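Just so you know, these numbers come straight off a predicted model, no measurement behind them.
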Amino acid sequence: MDTWNLLMGGFATAATPINLLWAFVGCALGTAIGVLPGLGPAVTVAMLLPITSQVEPTASMIFFCGIYYGAMYGGSTTSILLNTPGETGTMVTALEGFKMAKSGRAGAALATSAIGSFVAGTIATILVTLAAPLMASFAVKLGPPEYFCLMLLAFTTVSAVLGQSTLRGLTSLFIGLAMGVVGIDQITGQLRYAGGVPELMDGVEVVLVAVGLFAVAEALYNALYEGRSVSQMNKMNKAHMTRAEWKRSWPAWMRGTVIGFPFGTIPAGGTEIPTFLSYATERKLSKHKEEFGSTGAIEGVAGPEAANNSAVTATLVPLLTLGIPTSVTAAILLNAFQNYGINAGPQLFQTSSTLVWALIASLYIGNVMLLVLNLPMVGLWVKLLKIPKAPLYAGILIFATVGVYGMRQSAFDLYLMYGLALVGVLMRRYDFPIAPVIVGLILGPLAEAQLRNALSIGSGSWTVFFERPMSLTLLVVVALVLLTPRLLAWHRRA
């Protein structure tokens, strides 16, 4: 009953006219961003982070979350019609969705995608409502050794799971960790690695790094390498499904939801793994195997889309209860909390209860908004694909430059942003993942503080991490994440 009362209080806050407006704008903008190939929620939220200095916390977090799950809805449109995923989570949707569109069933593919996203998002939000308070009450009992090991697990999985190789992932992580130690030491108050630059005394600004590595690097990369590419679009028809397609879709939605939710709650779970798992499951269970890879099977769109949205919603559980982001966008949302002086973690449900429950309530409202925005208005979103790439990316560069300069009116910030953008172009060119840089930069200082506190508890002895059951378990999991792929590769060669 306590949870129900808190959720009703959250609805009362989220349903105020101003918050409903922010939710609607976030959902609409997120859908538009998802439709545009190459742009994702991380880029958009990074560009819009400077608004945290002007907008009330609850409204801005509702806005950012609207962008986040709106982009997941919109990303399927380009996957189905253009075979160009707007987001990494919609890559699998393109496999069958594009085939369905080529065989004249684009409407059915878009309908199962939108309705499946709504069903999975709503079920996942119910699970977040039930799981988050329980996880928060458990997390209060964790000490510095456990928190450090949790962050170590986040570092390891982000580096080992994302990208083409563990070495490249770890290289990206160490770039982020190196930037994270610049500025004033949290514990001793000493200035370090600032190089005499006054702007670096407070550390490297996360907003600046996120905008440089995502938004500006994306625009420059497209100008250099992908500016001349042209895509052919399949014909659009009305978004609706036949009775047989409904019958084939709903079991796939349920399975996708169940597969996606756990992956959203673990560090570096991401949306790629559950969507591929869902696709493999549907292919194995389908009674229409001959449609896969030929005319397009509707289950191959329904399952992965549900898994994608379920995983995205689940990322809020570790973000709110542990202060640990499990995706790039979640990492940038964590920085938005920090901009308001709000510490995401187990105490958040006590210190900022109104904000948390309004945010959870806004997920229910946002899912309904997105269904209304996506099914009847899909023709409008498709028109966005006709925007020429040159003015689109020029607009992103202008928006990013004005946003970063507006934070502190510092020319140094602009030089640093464009320098990082060039690093981002090189990283994309040579397949270095960018997510570990952001996670390392945000979690690095927090992990350092927890490590030093843990060593203080253990009187300077490292055995403190092995004496506590939870921290020892997490260290074993870290070792398994690093060693398992190598042992499997060695076993295959043998």
Side-chain angles (χ1 to χ4, degrees), residues 69 72-81 83 85 89-127 234-263 271 274-314 364 367-379 381-382:
Y69 46 81
M72 295 301 139
Y73 270 72
S76 59
T77 304
T78 43
S79 294
I80 291 164
L81 297 178
N83 200 25
T90 57
M91 287 188 295
V92 183
T93 307
L95 296 176
E96 298 304 315
F98 186 65
K99 298 277 194 316
M100 286 181 70
K102 287 190 82 171
S103 60
R105 293 185 295 145
L110 289 164
T112 196
S113 164
I115 298 166
S117 296
F118 170 75
V119 170
T122 303
I123 294 171
T125 305
I126 293 168
L127 293 174
N234 284 310
K235 189 181 175 184
M236 245 297 296
N237 55 355
K238 195 174 178 184
H240 76 282
M241 290 188 288
T242 63
R243 184 175 292 182
E245 286 167 337
W246 274 95
K247 192 176 176 182
R248 289 172 60 181
S249 291
W250 76 261
W253 295 334
M254 295 299 133
R255 285 189 290 264
T257 305
V258 171
I259 291 169
F261 193 85
F263 280 92
T271 51
T275 50
F276 275 105
L277 274 177
S278 174
Y279 179 74
T281 304
E282 295 311 320
R283 190 162 187 160
K284 194 173 183 67
L285 297 177
S286 177
K287 295 175 183 174
H288 307 271
K289 290 185 172 63
E290 71 286 351
E291 292 182 7
F292 281 85
S294 55
T295 57
I298 197 164
E299 300 96 323
V301 177
E305 275 299 301
N308 176 13
N309 282 271
S310 178
V312 165
T313 306
Y364 291 98
N367 267 311
V368 176
M369 283 182 176
L370 284 165
L371 190 65
V372 173
L373 279 169
N374 275 268
L375 274 179
M377 299 174 66
V378 72
W381 301 119
V382 169

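Side-chain contact check for Ser113 and Ser76: at least one donor-acceptor pair (N or O, by modelled atom type) lies under 3.5 Å. When only modelled atom types and interatomic distance are considered, Trp253 and Thr112 share a side-chain donor-acceptor pair under 3.5 Å.
Note that CG of Asn308 and OG1 of Thr93 are 6.5 Å apart. Values are rounded to the nearest 0.5 Å. Expressed to the nearest 0.5 Å, how far CD of Glu305 lies from OG of Ser249 amounts to 11.5 Å.
Taking every heavy atom of both residues into account, Asn367 and Thr122 meet most closely at ND2-N, 3.6 Å. Across all non-hydrogen atoms, the minimal contact from Leu371 to Ala114 is CD1-O, 3.8 Å. For Ala314 against Phe261, the heavy-atom pair with the smallest separation is CB-O, 3.2 Å. The shortest non-hydrogen separation linking Ala108 to Met100 is CB-CE, 4.1 Å.
Formation of a donor-acceptor pair under 3.5 Å by the Ser310 side chain with backbone atoms of Gly260 is not found in this model. Within the 3.5 Å criterion, the main-chain N or O of Pro274 finds no donor-acceptor partner in the side chain of Ser278.
With respect to Arg255 and Glu299, no salt bridge is recorded, no charged nitrogen being found less than 4.0 Å from a carboxylate O.
Under the 4.5 Å side-chain criterion, counting only non-hydrogen atoms from C-beta, Val368 is in contact with Phe118. Residues Glu96 and Ile298 fail the side-chain proximity criterion, which asks for heavy atoms closer than 4.5 Å. The shortest side-chain heavy-atom distance between Arg248 and Glu245 does not fall under the 4.5 Å cut-off. With a 4.5 Å cut-off on side-chain heavy atoms, Thr295 and Arg105 count as touching. Looking only at side-chain heavy atoms (C-beta outward), Ile126 and Tyr364 come within less than 4.5 Å of each other. When side chains are defined from C-beta on, Ile115 counts as touching Trp246, because their heavy atoms get closer than 4.5 Å. Tyr69 has its side chain within reach of Leu370: a pair of non-hydrogen atoms, C-beta onward, lies under 4.5 Å apart.
Summarising the local packing, NZ of Lys247 is surrounded by 12 or fewer heavy atoms from other residues, nucleotides or ligands at distances under 6.0 Å.
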